[in-house]
Amino acid sequence: MQNSEMVLQMSNICKAFNQNSVLEHVDFELNKGEVHALMGGNGAGKSTLMKILTGIYQKDSGKICIDGSEVQIEKPQDSLAHGIAMIFQEFSVIPALTVAQNVFLNRELKKSNGLIDDKAMIRKTKDILDELKVDINPKSLVSELGTGYWQMTEIAKAVSQNAKILIMDEPTSALTQHETEILFDLINNLKNKGISIIYISHRMDEIYKVSDRITVLRDGKHIMTAESSNLSMDNLVEHIVGKNMENAFTWKERHIAKDKPPALKVKDLKSGSKVNGVSFDLYQGEILGIAGLMGSGRSELVRTLFGVDPLDGGEIIMNGTQLSIKKPKDAIQAGFALIPEDRRIQGLVLDHNVRENIILPILNKVSSRQFIKYDKLDHISEALVKKLNIKTDSIFKRASLLSGGNQQKIVFAKWLASEPNILLLDEPTSGVDIGAKSEIIEIVRELADSGKSIIVISSELQELLAFADRIIVLNNGIVTKELERQDIESEEQLEQAVQGL
Amino acid sequence: MSTSESNLNVKRRALGLNTDWRQYIVYFAFVVVFILFSITLHDDGFLTAGNLLNIVRQTAIIAIMAVAMTFVISAAEIDLSVGSIVALSSLTTALALQANLGLLGAVIAGLGTGLLVGLINGLLVTKVGIPSFLVTLAMMGLVSGVAMWITDTEPVTILDETYVAIFGSGNLGAIPSLLIWLLVIVTIGHILLRKATFGRRTLATGGNQSAARFSGINVARIKLYALMGSGLMAGLAGMLYAGRMHSGRFTFGTGDELSVIAAVILGGTSLFGGVGTVIGTVVGAFLIGVINNGLIIMGLDVSQQMIIKGLIIILAVAFGKKQLSN
Ligand SMILES: Nc1ncnc2c1ncn2[C@@H]1O[C@H](COP(=O)(O)OP(=O)(O)OP(=O)(O)O)[C@@H](O)[C@H]1O
Ligand SMILES: [Mg+2]
């Protein structure tokens with residue numbers, strides 16, 4: 001590293017929520033112009049540490065120094081004043097305003113007569129965007145841009161506020177491959193400007209691409225900090241999980257009986273403009289992977305099967321009988337379960353507790369004459385929490401208080417409780433840590449072994465290759481390729497099929 | 001998690017320590033206000049059985065509507081038409097009795113009026129997709145108009161003694177029939193919200209409509225039922241007004257929607273949906289009732305009462321908001 005001037009030093013940070021210790025004597029340092037990855041399992045305390053830095057939570061003890069002198073951060077404004085900005089996962093831009101209006105939101109430039117000076121704001125925004133080498137028109141409405149650019153608008157906003165430290169918490173989870181690459185270029189430009197970045201992600205390949213140093217937290221404790229170039233991936237994983245995790249992503253060949261008719265036959269399925277005639281078979285006990293670029297109609301396909309999106313044509317045949325699926329309830333009754341792609345919007349009632357979320361799809365099963373049998377539910381919920389290793393102090397904890405990965409596991413638990421025959425998994429491991437990811441892969445395999453059929457969508461090809469028996473590639477709402485898993489030799493081969501090469 | 005830890009959690013939950021204390025503020029406020037009035041207004045007869053029964057009578061009807069409104073607000077909707085339904089159903093009930101349709105005819109007329117308006121509200125919200133705020137605001141005007149029009153603003157007297165005894169004027173021993181009605185409705189409402197699948201589905205719908213839909217819940221039906229329930233209970237409230245006042249009148253229930261909504265919000269139900277409590281609602285209604293009563297005893301006039309009621313609502317909503325941002 002050319003530049004090792006320390007801009008941020010957090011030392012001995014402790015934090016507990018109602019006696020549950022979440023951070024214990026954590027140290028974290030950040031140099032000027034450095035990208036420092038913060039890694040750790042779900043619930044390790046990464047987001048909490050960052051929320052302390054941004055004044056959303058208060059530390060119980062410890063010290064925060066910026067540029068060598070101690071600072072008190074009591075509210076978000078304090079942290080902004082010290083040049084710290086967080087790029088939120090839940091975007092904080094306003095879609096109805098233009099890029100320039102968002103960048104200068106609440107700090108509008110004014111003309112001498114007191115009215116807003118749009119021209120100046122557009123000019124300044126353009127300067128910033130040029131400097132960051134981002135190709136967006138400051139005059140375009142944010143709502144007309146892809147979500148990847150929403151994030152860039154936020155980054156531009158932070159830079160215009162003279163932020164020296166940017167925090168990105170799982171920034172790529174909503175980005176396409178292409179947008180991710182643009183983001184990484186942008187990160188490089190930010191570094192060159194001397195801005196430091198704290199980068200949180202569960203995706204190993206990304207971490208090695210962007211970070212200079214890596215710090216690992218586990219169970220609220222600082223485990224290690226090392227230069228990325230001196231740390232092997234296996235080693236890193238071992239630090240995160242706390243045990244050796246070799247073979248987590250190795251594919252195991254499974255035998256699928258295809259002499260019987262398929263468990264699910266989909267013929268020429270059409271829905272809206274995104275699904276334009278998809279046909280495939282799914283056999284009992286099979287794990288079928290769906291690959292494709294963002295916008296290729298993958299999510300829409302499973303949503304149509306589940307009755308969320310309208311079925312405009314085609315047939316869905318389960319074990320020989322044609323189904324009429326008009327709403328999710330029909331699909332659930334037929335034995336489908338869908339783990340939707342956006343857990344915050346589609347998966348969870350965040351204000352309700354773990355148990356209340358888990359029971360939603362099984363209300364009918366655990367009630368007699370409309371009365372819910374809560375004791376039975378407690379057992380089911382406790383068992384699922386245990387089975388999926390969900391980190392929560394009780395089944396009565398509010399879902400919003402759990403870490404991101406653990407929230408995803410609740411969505412999983414919710415649908416396992418309904419004991420479906422066919423599971424539709426849309427990005428089931430997004431935001432889930434590497435340990436939990438391999439657990440989920442293992443659970444999916446077990447479910448398939450027990451005779452359930454599974455359709456899984458994933459943008460992480462490595463993961464798809466780890467458990468799919470067969471993979472179909474979607475492009476513009478039609479199947480462009482079908483590959484048996486044993487015929488795929490490398491991730492590159494699949495990548496090329498996805499890109500349509 | 002170890003067993004001792006989970007036991008500890010269960011205990012703490014039972015004591016309400018793990019939950020936000022603001023949910024319980026209404027109970028606390030009720031006790032404080034009650035004790036305060038008991039001391040300061042003791043000599044003015046606040047604590048006499050007569051006055052306490054008076055509070056019950058004045059509050060019961062609002063509380064009954066508020067129980068149903070709890071479901072509507074829990075589902076993240078609102079019903080502004082309840083006050084106007086009260087007026088219309090008091091009149092249809094009285095007219096049915098006047099036309100000698102008998103007790104059953106009166107019940108069908110009164111409840112039917114409420115259910116019908118609730119059904120129209122519900123269908124406009126779920127099928128046509130108009131926000132409930134607008135639908136019920138329009139319906140409030142429309143139904144009030146109908147109530148004034150059907151008898152040309154004339155009151156309709158009720159002479160049927162059995163009717164008035166059952167619906168609002170009579171007593172069972174020392175217990176006013178209004179209190180019995182209230183207990184029945186509260187019990188049903190509480191069980192429906194806490195123990196039945198309908199309540200869970202209502203809270204899920206209000207908490208996150210999209211997640212509820214993905215979970216197979218028919219959110220449109222939940223909202224329809226909640227609005228129908230609210231209409232039905234407003235219909236019952238109109239019948240109770242009619243029984244208590246021995247007549248049907250277009251002025252009954254005017255402004256009640258405010259008291260009803262205030263009771264629900266004061267009780268701890270979230271104006272943004274997803275969190276609701278029937279017991280809290282009832283305590284909220286009684287808190288308003290006790291304050292009203294105390295102010296009357298103190299000799300404050302209607303205008304001063306209204307000002308104080310307005311202030312209470314603002315305080316309640318401010319607390320509700322704080323709960324959300326935490
Ligand atoms: N406001 C809160 N009240 C109680 N517990 C909390 C609160 N916020 C976080 N926690 C708990 O603190 C722990 C750490 O959570 P945090 O969100 O920091 O994890 P994380 O490392 O960001 O995980 P992930 O990778 O899953 O996002 C979790 O067990 C979580 O349940
Ligand atoms: Mg996190």
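A note on names: the letters A, B, ... follow the listed sequences, proteins ahead of strands, and every chain is numbered from 1.
- Side chain of A:H352 to main chain of B:A204: no donor-acceptor pair is present (N/O by atom type, distance under 3.5 Å, no hydrogens or angles).
- Minimum heavy-atom separation, B:F214 to A:F306: O-CE2, 3.3 Å.
- Looking at A:K329 and B:N218, their side chains never come closer than 4.5 Å, going by heavy atoms from C-beta outward.
- With a 6.0 Å radius and a threshold of 12 heavy atoms from other residues, nucleotides or ligands, B:L179 has its CG atom above the threshold.
- Contact annotation for B:L192: neither backbone nor side-chain heavy atoms come within less than 4.5 Å of a heavy atom of chain A.
- Taking NZ of A:K327 as the reference point, atom CZ of B:R213 lies at 12.5 Å (rounded to 0.5 Å).
- A side-chain contact (heavy atoms from CB on, under 4.5 Å) with A:V349 is found for one member of B:L203, B:N208, B:T205 and no other, namely B:N208.
- Of the atoms belonging to A:F371, heavy atoms from both backbone and side chain fall under 4.5 Å from chain B.
- For the atom pair CZ (B:R201) and CG (A:L363), the distance works out to 5.0 Å, reported to the nearest 0.5 Å.
- Of the atoms belonging to A:I362, not a single heavy atom falls under 4.5 Å from chain B.
- Across all non-hydrogen atoms, the minimal contact from A:I332 to B:G216 is CD1-CA, 3.4 Å.
- The minimum heavy-atom distance linking A:I372 with B:A196 is given by the pair CD1-O, 3.5 Å.
- Within 6.0 Å of atom CZ in B:F28, 12 or fewer heavy atoms from other residues, nucleotides or ligands are found, so the atom counts as exposed in its surroundings.
- Contact detail for B:A211 and A:G347: the closest heavy-atom pair is CB-C, 3.8 Å.
- Contact between A:K414 and B:S215 at its shortest, heavy atoms only, is NZ-OG, 2.8 Å.
- In the displayed structure, B:Y225 atom OH is contacted under 6.0 Å by at most 12 heavy atoms of other residues, nucleotides or ligands.
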